[in-house]
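Lettering follows sequence order; numbering is per chain, from 1.
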Protein chains: 2
Amino acid sequence: MKVKEVADLVCISVRTLHHYDEIGLLTPDEVTEAGYRIYSEENLENLQQILFFRELGFPLKRIKEIIHDPSFNKTEALKLHKSMLMKKQEQLNQLIDTIDKTLLNMKGERQMSDKEKFAGFDFSSNPYEAEARERWGNKAVDDANTKLNEKSQKEMRQFQEAFNETFRSLAEVRHEDPTAAISQERIHEWYVLLNSFGNYSKKAFKGLGEMYIADERFTKNIDQFGEGLAVFMRDAMAVYAEGLKK
Amino acid sequence: MKVKEVADLVCISVRTLHHYDEIGLLTPDEVTEAGYRIYSEENLENLQQILFFRELGFPLKRIKEIIHDPSFNKTEALKLHKSMLMKKQEQLNQLIDTIDKTLLNMKGERQMSDKEKFAGFDFSSNPYEAEARERWGNKAVDDANTKLNEKSQKEMRQFQEAFNETFRSLAEVRHEDPTAAISQERIHEWYVLLNSFGNYSKKAFKGLGEMYIADERFTKNIDQFGEGLAVFMRDAMAVYAEGLKK
DNA sequence: TATAAGGTATCACGTAACGTGAGGGTCAAC
DNA sequence: GTTGACCCTCACGTTACGTGATACCTTATA
């Protein structure tokens, strides 16, 4: 299949396909004597994968790393895409809900906080990086990050945002039993997030939870998201680490 | 509210807010003697609008045009955002469906065409431009388009893609009665699309439909999307123009 | 009152992901 | 042989910021 045929089939530009070839993301399996690109069925399957990652906001460099990883598995990736797309749908549902609330607010029928006005927006450059790391590892990301020992402002901000989001998520369920499924699901998200930036064993994770209580500054920072959250997290982390989920 | 407070509230960067200020998209209502930006409640409401447009892929220049248009109405915009977000939900549903079909295909339980493999992807730079034009007019877009008389390759491609998409959409319902609601909804999309690039009255629209039959090349091109589509469109366009919908 | 930490500003270069036009070659139908 | 459509590479342009440097401002603390 020639370049324009692929471009028309997929509704992307010829330039896009050239670009993907240039950066080694999608190399046509055949090139004619005149230099024309010919794409095979397998090229199209790879392109489908690439487009799923693009839809989810992954940068092309990252997509290339993931797809060229020997452990990459298309079936597994498709399942992960599906779950990420469902999360994106939840995000859009939240945006729609924000619109509904804003319309009521404008009619004077409902008050809404500043925070509520922005619920659902997520412009982080790659919101699914944490999950990608869990599946495809850290190596490429660490290599790509030229400053291994100092955290850039972006990383710190990303860190902080992801922290805050997870703290809020956990605050919502802090009155539940720490062994409950919902509590363990949420604390798992915390575990995944921490492992995006560091490398915590379950044991270390439990120890970290203890620190949230032992150090008053930690407790204070965490409890601003909801009173008693630090204690709840400590307990949920212990349950998680010991595999004692109900 | 100071710049970092807004950035944290909304989960965007301080640099983003500076950029929006620089380009005149979001100008803080107050600046202190030290030059600090202070954002008002109305600034936050405008920022919410901006973020809705961003979520839908509008370029910042276009957002600025729309928001500064005297006829701009926040309530109306919110309703339009909601409908566009629902369309995006449908697109994600289609992507999820594509994943499900691809997984079955990989198991050998189902065949799928190349076209099916790419159903749901839409990377056009601004998929909702046609609807935006319907609401907020053509002037700014025409001004921004420096080449008023010659169509760039991009515009031709955009044209062609939008054409193809609409033809497919219409082909799906070509066996329906041309006066049926679904037929008239689809042909309305065609009308809107044509008016993105030109300026057709309903009468001219009907005349165009006649041409689809009168000129054999038109018929041939259109019917490749589904046999009998050209006749169906001619009839549906006549019904539409005369307001004879069931 | 001095200090320190965090936050603010502007400036300017860099990045990613293409869009776009120029210039020239290839292919297939007429 | 001609022509229109398609193909190639090259290179500059665009958008939307990220990032680091440099310097000023604000507020809490000792």
Side-chain angles (χ1 to χ4, degrees), chain A residues 1-8 10-26 28 30-39 50-51 53-55 57-65 123-126 144-147 150-161 217, chain B residues 1-8 10-26 28 30-39 50-51 53-55 57-65 123-126 144-147 150-158 160-161:
Chain A
M1 213 177 218
K2 284 187 280 185
V3 68
K4 189 172 191 302
E5 291 169 319
V6 176
D8 287 347
V10 176
C11 293
I12 58 178
S13 72
V14 166
R15 182 71 186 99
T16 298
L17 289 169
H18 286 187
H19 183 59
Y20 289 1
D21 192 2
E22 277 165 30
I23 64 176
L25 178 59
L26 183 72
E30 186 187 337
V31 178
T32 71
E33 283 189 15
Y36 283 29
R37 296 167 175 85
I38 307 294
Y39 293 87
I50 291 166
L51 297 184
F53 281 111
R54 262 194 67 187
E55 181 63 44
F58 282 70
L60 299 183
K61 264 186 181 173
R62 186 71 173 116
I63 298 174
K64 182 181 173 184
E65 285 166 15
F123 296 105
S124 50
S125 57
N126 187 352
N145 188 348
T146 53
K147 299 178 175 177
E150 59 181 345
K151 295 187 186 303
S152 67
Q153 268 190 8
K154 170 178 176 175
E155 196 171 359
M156 287 304 294
R157 188 173 64 82
Q158 196 172 19
F159 216 72
Q160 195 58 55
E161 283 171 10
R217 288 169 301 173
Chain B
M1 210 176 221
K2 284 187 281 185
V3 69
K4 188 172 193 302
E5 291 169 320
V6 175
D8 288 346
V10 177
C11 294
I12 58 177
S13 71
V14 166
R15 181 70 186 96
T16 298
L17 290 168
H18 286 188
H19 183 61
Y20 290 1
D21 192 1
E22 278 165 29
I23 65 176
L25 178 59
L26 183 72
E30 184 187 336
V31 179
T32 70
E33 284 190 11
Y36 282 29
R37 296 167 176 83
I38 307 295
Y39 293 87
I50 291 166
L51 298 184
F53 281 111
R54 264 193 66 187
E55 181 63 43
F58 282 69
L60 299 183
K61 263 184 182 174
R62 185 71 173 114
I63 298 174
K64 181 181 173 184
E65 283 165 16
F123 296 104
S124 50
S125 57
N126 187 352
N145 188 346
T146 53
K147 298 177 178 179
E150 56 182 347
K151 295 188 186 307
S152 66
Q153 267 188 8
K154 170 177 176 176
E155 195 172 0
M156 287 304 294
R157 187 176 63 80
Q158 196 172 20
Q160 196 58 55
E161 283 171 12

| Of B:Lys4 and B:Glu22, whose nearest nucleotide on DNA chain C comes first from the 5' end? | B:Lys4
| note | Judged by nearest nucleotide, the residue sitting upstream toward the 5' end of DNA chain C, A:His19 or A:Thr32, is A:His19
Whole angstrom value for the distance that separates [atom2] of [N] from [atom1] of [X]:
| X | N | atom1 | atom2 | answer |
| --- | --- | --- | --- | --- |
| B:Leu25 | D:dC17 | CG | P | 9 Å |
| A:Asp21 | D:dC8 | CG | C1' | 11 Å |
| A:Leu17 | D:dC7 | CG | C1' | 13 Å |
| B:Lys64 | D:dT15 | NZ | P | 12 Å |
| A:Ile63 | C:dA16 | CD1 | P | 13 Å |
| A:Glu33 | D:dC7 | CD | P | 18 Å |
| B:Ile38 | D:dT26 | CD1 | C1' | 12 Å |
| A:Leu60 | C:dA17 | CG | P | 4 Å |

| field | Sugar-phosphate, base or nothing in reach of B:Ile23, heavy atoms under 4.0 Å | value | nothing
Does [N] have OP1 or OP2 sitting under 4.0 Å from an N or O in the side chain of [X]?
| X | N | result |
| --- | --- | --- |
| A:Lys61 | C:dA16 | yes |
| A:Arg62 | C:dA17 | no |
| B:His18 | C:dA9 | yes |
| A:Ser13 | C:dG19 | yes |
| A:Tyr20 | C:dC18 | yes |

| remark: Paired with A:Ile63, the side chain to side chain contact (heavy atoms under 4.5 Å, CB included) test is passed by just one of A:Leu51, A:Ile23, A:Ile50, namely A:Ile50
| Toward the 5' end of DNA chain D, by each residue's nearest nucleotide, B:Ala34 or A:Val3 | A:Val3
| query | Would B:Arg54 and B:Thr16 count as a side-chain contact (heavy atoms from CB on, under 4.5 Å) if you check the C-alpha gap in whole Å, the side-chain angles of each, and the deciding distance to 0.1 Å? | reply | CA-CA 12 Å; B:Arg54 264 193 66 187; B:Thr16 298; 4.3 Å; yes
| task | Report the C-alpha separation of B:Leu60 and B:Tyr20 in whole Å, then their side-chain angles, then the decisive distance to 0.1 Å, and conclude whether the side-chain contact (heavy atoms from CB on, under 4.5 Å) test is met. | result | CA-CA 8 Å; B:Leu60 299 183; B:Tyr20 290 1; 3.7 Å; yes
| query | Do the side chain of B:Arg15 and the base of D:dT19 come within less than 3.5 angstrom through a donor-acceptor pair of N or O atoms? | reply | yes
| Is any NZ, NE, NH1 or NH2 atom of the basic residue among A:Glu5 and A:Arg37 found under 4.0 Å from an Asp or Glu carboxylate oxygen of the other? | no
| What nucleotide among C:dC18, D:dC25, D:dC17 has an atom nearest to a side-chain atom of B:Arg54? | D:dC17
| Check against side-chain contact (heavy atoms from CB on, under 4.5 Å), B:Ile38 and B:Met1 | CA-CA 5 Å; B:Ile38 307 295; B:Met1 210 176 221; 5.8 Å; no
